[in-house]
Amino acid sequence: MQENYNHKDIEKKQQNKWHDTKAFVVDENSPKPKYYCLSMLPYPSGKLHMGHVRNYTIGDVIARFYHLNGYNVLQPFGWDSFGLPAENAAFASHVSPAKWTYQNIDYMRWQLQSLGLAVDWSREFATCSPDYYKHQQWLFIRLYEKGLIYRKNGVVNWDPVDHTVLANEQVIDGKGWRSGAVVIKKEIPMYYFKITAYAEELLQGLDELSGWPEQVKTMQRNWIGKSVGMEVNFPYQDNSDNLVVFTTRVDTLFGVTYVAIAAEHPLAEIALKQKPELADFIASCKKGGVSEAELATQEKKGVFSGLYVKNPINNELIPVWIANYVLMSYGSGAVMAVPAHDERDFEFATLHNLPIKPVVRPGDSELDLPLKAPYTEKGILFNSGQFDGMDFNKAFSAFAEYLKQHNLGQAKTNYRLRDWGLSRQRYWGCPIPIIHCENCGDVPVSDSDLPVALPEDLIPDGSGSPLAKSPEFYTTVCPKCGVNAKRETDTMDTFVDSSWYYMRYTCADNSMQALDERVNYWAPVDQYIGGIEHAILHLLYARFFHKCLRDLGLVNSKEPFINLLTQGMVLADTFYREDAQGKKTWFNPSDVEVVVDEKGRELSATAKADGKAVQIGGQEKMSKSKNNGIDPQMIIEKYGADAARLFMMFTAPPELSLEWSDNGLEGANRFIKRLWRLVYEHVQNGIVKPYTSGDLSAEQKKLRTMLHQTIQKVTHDIAVRRQFNTAIASVMELLNYYSKVSLSDEMGQALSQEILEDVVIMLSPIIPHICEELFRELAPGKELLDQHWLSADLTALDVDEAEIIIQVNGKLRGKIMVAKSLSKEQVEEAAKQNVNVAKFIEGQIIKKTIVVPGKLVNIVV
RNA sequence: GCCGAAGUGGUGGAAUUGGUAGACGCGCCGGACUCAAAAUCCGGUUCUGGCAACAGAGUGAGGGUUCAAGUCCCUCCUUCGGCACCA
């Protein structure tokens, strides 16, 4: 065995071996139980970043752990390779999105392979390849036929200068990112998935997802936003039609003092005819982006439309206001306002001097009038005619009954969730397989004509979709009647690509079918790992798609992901200099020298290049804009993949954000070298059979107990808690003690052999390269990947004494070792004998004593 | 604005079911080895007082529940994620 650890040789050697022996290529013909471990597929942005390294290391640790536990583990990999960045890169550097994307994929695949992931690369695919998206188009047509896709108008961000639709992130302060023009809301026809048809099932299904973090389920519940209420009709003044509003607080109907409608509402058009001066306001509502964050933070504005509707309960005339915060695409585009009992309405009414009419009061007191703040609790009705004195539930049914009888409303369950608009006016995406025919309307492309191939040689110019300007693409004939027709030029939202890819991995070699029976062997995914930023959209869309595909008979499970782990971001220090204009130049942490005080606090920093001061900017998410990215490739070159993996797993639990630290990485590397040396020293003394039985010194016995406690802890931390940092810490503790105990005798050598073999197996999911190498030295002729995960020896865990802590009034006053056989009373007595404890209870009256067996005694005086 | 998290020594974090706050690592301090340095190894390291034993304080702020609170409840502050066309 070599004395010194050389990561380059070892890692290359193991990776070649795994590749040559197809160690992680799997199929369905295994007697072992299956385990599908999946990390979210990356966007091929160009280079691997530390967030990827973290994500894929977590997945790999879990995959390797289950492999050792006797599972048939599938860990596939692919690329989410459609999307905006390729178009932006193409626009900037005149390379086609296809070329840019495929180059990125090749480079990143090479980078990933140097991480030593236990991935079945034979199943790899990119979502931008026709082999993938032709099946997606086929699925689209099936869903279209089933009525789960429909077309309607939707609102988008429109850049009036560049004549293009902007993504929300391309709208900055209400202006287009390139043109700087004020963005306007524009209605265009789009296709929608009817996700609301599954709202209830998506909501109910969350209750069964016990392997998902509670916070993610809560976010999804709130996103779906089920509310039980009523649809109430407010008749127009001339009775020509009704204004329909949805409310969960029909009990406040007598308190309605105005209604607010969207600028696009049909009633607003009627108002405009009678009152032309509304045009300016209606136009101003169309300014700005469509994102909810922008709408919710903008100043709330409204004008009186000149029209009135009738309150259905008492025929009172209610003024109709046009407001910028009501959007046509949300609900019915109209809300009833009850300023006395709603925060937003109260604010708006106060601003515009609208009446505030209280109709609900607390059960046990009167309201302070006039109201200084809205009373938003459910209470007892007053000022409400025949409904006076009713509580919320009674009032709700009474109003429902009344409105229904008079044909003025009905009970309704509403969801905040809206249908999923899937059309994108972009080039680099999956073409929507629809043909627009003057005779036949929207006609799906015939299955035999799939894929509708995306031309790969176009280069966007920043003004609208290249496909819409490409007659070679859109000119076609109607599949039904054969006349000249036009292909749809919109492409699909990239969330569609990532909504079913995890199923495609199970049968990626099947070019004839989207999915085959193998999907039911592997799906659902047993463990899914990805960023918390996907908590709602991606994960909800994938759940929706899974249910759709189930209803198409393509898969037989209900949910896509049984267990979910959401990992945190990777942060690093930022450093900058600011010029006179306030423009910041960011310095990469690797180009900066930090000065610390005697306690290690950061005092100041200088650039290595010129030795002059730079500002310390704190920890931020690694990004190009802050120039604080650390290149994983450099780290792997210098320290090896194992050190990078160990650092990532040890420095923080997976869910929390992880702060990059060069020193921390050095620490991880030190541990790896130390592990190597400990095995080297042991092997120099000669390998022996691992300890099974025989007399050990007291210290050795304690060490062996610790080994088996460590096995228990590591197993629990990885299998149940998915908390790798504490698993690693406990192995470090074990090795710290191992180094202190004398093991030079025959039994000691056997114990040393047992410990080192077990440590190498326990750490192998995290640092697989070095562990395989060390295992070969410790157990020649055996393969680590063929070993079974460890189980603790219960006899080693059987200790007969326990440390009891003694508190007086909840404060720690002493510790004693007691035999486990002692009764509660005996333990209590022993506690009182403790010298230090005696000081605190002497002369005091003992009110109460709490004894927690095996743990503590608390004496209350 | 709305929804969801997080906040613990100089620092990353640990404390798993309400029961020893600070495991493990980093940094720093001291020592060994060395001509010297690096590497490595050993010891110390929450703060205050004390030679020490020990005592007091302490988990973003303020209140509360409990024999006992980092952990549960209420109010607030700060930071981060998402908000439907970034992925």
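All chains are named by letter (A, B, ...) in the order of the sequence lines, taking the proteins before the strands, and each is independently numbered beginning at 1. Every heavy atom of this structure was used, including side-chain atoms; hydrogens, water molecules and symmetry mates were not.
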Undergrad: Going by the angle between their ring planes, with limits at 30° and 60°, are A:His7 and A:Tyr5 parallel, tilted or perpendicular?
TA: tilted
Undergrad: With a cut-off of less than 4.0 Å, is there a side-chain N or O of A:Asn222 near OP1 or OP2 of B:G4?
TA: yes
Undergrad: What is the nucleic acid contact for A:Glu803, judged by heavy atoms within less than 4.0 Å: base, sugar-phosphate only, or nothing?
TA: base
Undergrad: On RNA chain B, nearest-nucleotide positions of A:Lys815 versus A:Tyr541: which is more 5'?
TA: A:Lys815
Undergrad: Assign the ring pair A:Tyr133 / A:Phe82 to parallel, tilted or perpendicular, where the plane angle (0 to 90°) is split at 30° and 60°.
TA: tilted
Undergrad: Categorize A:Val165 for me: base, sugar-phosphate, or nothing, with a 4.0 angstrom heavy-atom threshold over every strand shown.
TA: base
Undergrad: Taking only side-chain nitrogens and oxygens of A:Gln723, does any of them come within less than 4.0 Å of OP1 or OP2 of B:A23?
TA: no
Undergrad: Looking at every strand, decide which applies to A:Leu84 at a 4.0 Å heavy-atom threshold: base, sugar-phosphate, or nothing.
TA: sugar-phosphate
Undergrad: Kindly indicate whether the side chain of A:Gln425 and the base of B:C85 share any N or O donor-acceptor pair separated by less than 3.5 Å?
TA: yes
Undergrad: How many whole angstroms separate atom CG of A:Leu812 from atom P of B:A57?
TA: 13 Å
Undergrad: Could you check whether A:His538 gets within reach of a base, just the sugar-phosphate, or nothing at all, counting any heavy atom under 4.0 Å?
TA: nothing
Undergrad: Does A:Tyr541 form a ring pair (Phe, Tyr, Trp, His ring centres under 6.0 Å) with A:Phe193? I'd like the steps, not just the answer.
TA: CA-CA 10 Å; A:Tyr541 290 154; A:Phe193 286 118; 8.2 Å; no
Undergrad: With sugar-phosphate meaning primed atoms plus P, OP1 and OP2, does A:Trp420 contact a base, only sugar-phosphate, or nothing at under 4.0 Å between heavy atoms?
TA: nothing
Undergrad: What's the CG-C1' distance between A:Leu166 and B:C85, to the nearest Å?
TA: 9 Å
Undergrad: Please check the phosphate of B:A55 (OP1 and OP2 only) for any side-chain N or O of A:Arg813 closer than 4.0 Å.
TA: yes
Undergrad: Just to be sure I understand the rule, does A:Phe495 reach a base, reach only the sugar-phosphate, or reach nothing, if contact means heavy atoms closer than 4.0 Å?
TA: base
Undergrad: Let me know the distance between CG of A:Leu417 and P of B:A84, rounded to the nearest Å.
TA: 13 Å
Undergrad: Hey, does A:Gln215 reach any base, or is it just sugar-phosphate, or nothing, if we go heavy atoms under 4.0 Å?
TA: sugar-phosphate
Undergrad: On the nucleotide B:A14, are OP1 or OP2 found under 4.0 Å from the side-chain N or O atoms that A:Thr726 carries?
TA: no
Undergrad: Given that both distances must come in under 3.5 Å, which nucleotide forms a Watson-Crick or G-U wobble pair with B:G50?
TA: none
Undergrad: With a 4.0 Å cut-off on heavy atoms, is A:Met40 in touch with a base, just the backbone sugar-phosphate, or nothing at all?
TA: nothing
Undergrad: Please work out whether the ring planes of A:Tyr198 and A:Phe544 are parallel, tilted or perpendicular, with thresholds of 30° and 60°.
TA: perpendicular
Undergrad: Counting distance only, does the side-chain N/O of A:Gln844 pair as donor-acceptor with the main-chain N or O of A:Val861 below 3.5 Å?
TA: no
Undergrad: Do side-chain atoms of A:Arg426 reach the backbone of A:Thr491 as a donor and acceptor pair under 3.5 angstrom?
TA: no
Undergrad: Could I get a table of every N or O pair under 3.5 Å where one atom is in the protein and the other is in nucleotides 16-18 of chain B?
TA:
residue, atom, partner, partner atom, Å
B:U16, O4', A:Arg721, NH1, 3.3
B:U16, O2, A:His716, ND1, 3.3
B:U16, O4, A:Lys713, NZ, 2.4

Undergrad: Under 4.0 Å from OP1 or OP2 of B:G27: is there any side-chain N or O of A:Arg670 that close?
TA: yes
Undergrad: Please determine, for B:U16, whether a Watson-Crick or G-U wobble partner exists with both distances under 3.5 Å, and give it or none.
TA: none
Undergrad: Within the side chain of A:Asp493, is there an N or O that forms a donor-acceptor pair under 3.5 Å with the backbone of A:Phe495?
TA: yes
Undergrad: May I ask you to evaluate whether A:Lys217 reaches the phosphate of B:A5, defined as a side-chain N or O under 4.0 Å from OP1 or OP2?
TA: no
Undergrad: Here's a test of your reading of the structure: between A:Gly664 and A:Ala296, which maps to the more 5' nucleotide of RNA chain B?
TA: A:Ala296
Undergrad: Can you find a side chain N or O atom of A:Asn809 that sits less than 4.0 Å from OP1 or OP2 on B:C67?
TA: no
Undergrad: How many whole angstroms separate atom CZ of A:Arg344 from atom P of B:G1?
TA: 14 Å
Undergrad: How far does the C1' atom of B:C24 sit from the matching atom of B:G9, given to the nearest Å?
TA: 15 Å
Undergrad: Specify the separation, in whole Å, of atom CZ of A:Phe650 and atom P of B:G13.
TA: 12 Å
Undergrad: Using purine N1 to pyrimidine N3 plus N6-O4 or O6-N4 for Watson-Crick, or N1-O2 and O6-N3 for G-U wobble, each under 3.5 Å, what pairs with B:U40?
TA: B:A32
Undergrad: Is the A:His538 ring parallel, tilted or perpendicular to the A:Tyr528 ring (thresholds 30°, 60°)?
TA: tilted
Undergrad: Answer yes when A:Glu828 and A:Lys824 have at least one side-chain N-carboxylate O distance shorter than 4.0 Å, and no when they do not.
TA: no
Undergrad: Show me the donor-acceptor pairs within less than 3.5 Å that the side chains of residues 670-679 of chain A make with the rest of the protein, sequence neighbours left out.
TA:
residue, atom, partner, partner atom, Å
A:Arg674, NH1, A:Asn736, OD1, 3.1
A:Arg674, NH2, A:Leu735, O, 3.4
A:Arg674, NH2, A:Asn736, OD1, 3.4
A:Arg674, NH2, A:Ser739, OG, 3.0
A:Trp676, NE1, A:Gln2, O, 3.2
A:Trp676, NE1, A:Glu3, O, 3.2

Undergrad: With respect to the phosphate group of B:G82, does any side-chain polar atom (N or O) of A:Gln220 fall under 4.0 Å of OP1 or OP2?
TA: no
Undergrad: Can you tell me how the ring of A:Trp500 sits relative to the ring of A:Tyr132, calling it parallel under 30°, perpendicular over 60° and tilted otherwise?
TA: parallel
Undergrad: What's A:Ser657 touching, base or sugar-phosphate or nothing? Going by heavy atoms closer than 4.0 Å.
TA: sugar-phosphate
Undergrad: What's the CZ-P distance between A:Phe82 and B:C86, to the nearest Å?
TA: 17 Å
Undergrad: Under 4.0 Å, counting only non-hydrogen atoms across every strand here, what does A:Lys847 touch: a base, just sugar-phosphate, or nothing?
TA: nothing
Undergrad: With sugar-phosphate meaning primed atoms plus P, OP1 and OP2, does A:Tyr325 contact a base, only sugar-phosphate, or nothing at under 4.0 Å between heavy atoms?
TA: nothing
Undergrad: On a whole-Å scale, what distance lies between the P atoms belonging to B:G49 and B:G13?
TA: 30 Å
Undergrad: Which base sits across from B:C2 as a Watson-Crick or G-U pair, both distances under 3.5 Å?
TA: B:G82
Undergrad: By the rule that syn is within 90° of 0, classify the base conformation of B:G81 as syn or anti.
TA: anti
Undergrad: Tell me what A:Ala293 touches on the nucleic acid: a base, only sugar-phosphate, or nothing, going by heavy atoms under 4.0 Å.
TA: base
Undergrad: Give a yes-or-no answer on whether the side chains of A:Asp80 and A:Ser498 include a donor-acceptor pair shorter than 3.5 Å.
TA: no
Undergrad: Can a side chain N or O of A:Lys848 be found less than 4.0 Å away from OP1 or OP2 on B:C67?
TA: yes
Undergrad: Can you tell me the distance, in whole Å, between the CD1 atom of A:Ile672 and the P atom of B:C24?
TA: 19 Å
Undergrad: Applying the Watson-Crick and G-U wobble criteria at under 3.5 Å, what pairs with B:G25? Answer none if nothing qualifies.
TA: B:U11
Undergrad: Once you apply a heavy-atom cut-off of 4.0 Å, does A:Thr297 come out as touching a base, just sugar-phosphate, or nothing?
TA: base
Undergrad: Rounded to the nearest Å, what distance is computed from the CD atom of residue A:Glu659 to the P atom of nucleotide B:G10?
TA: 16 Å
Undergrad: Hey, is the side chain of A:Asn168 poking within less than 4.0 Å of OP1 or OP2 on B:A84, counting only N and O atoms?
TA: yes
Undergrad: Is there a Watson-Crick or G-U wobble partner for B:A68 with both distances under 3.5 Å, and if so, which one is it?
TA: none
Undergrad: For A:Ile859, report the nucleic acid contact type (base, sugar-phosphate, nothing); a contact means any heavy atom under 4.0 Å.
TA: nothing
Undergrad: Scan every strand shown for a Watson-Crick or G-U wobble partner of B:A61, both distances under 3.5 Å, and answer none if you come up empty.
TA: B:U75
Undergrad: Decide yes or no, distance alone: a donor-acceptor N/O pair under 3.5 angstrom between the base of B:C67 and the side-chain of A:Asn858.
TA: yes
Undergrad: For atom C1', what is the distance between B:C80 and B:A32, given to the nearest Å?
TA: 46 Å
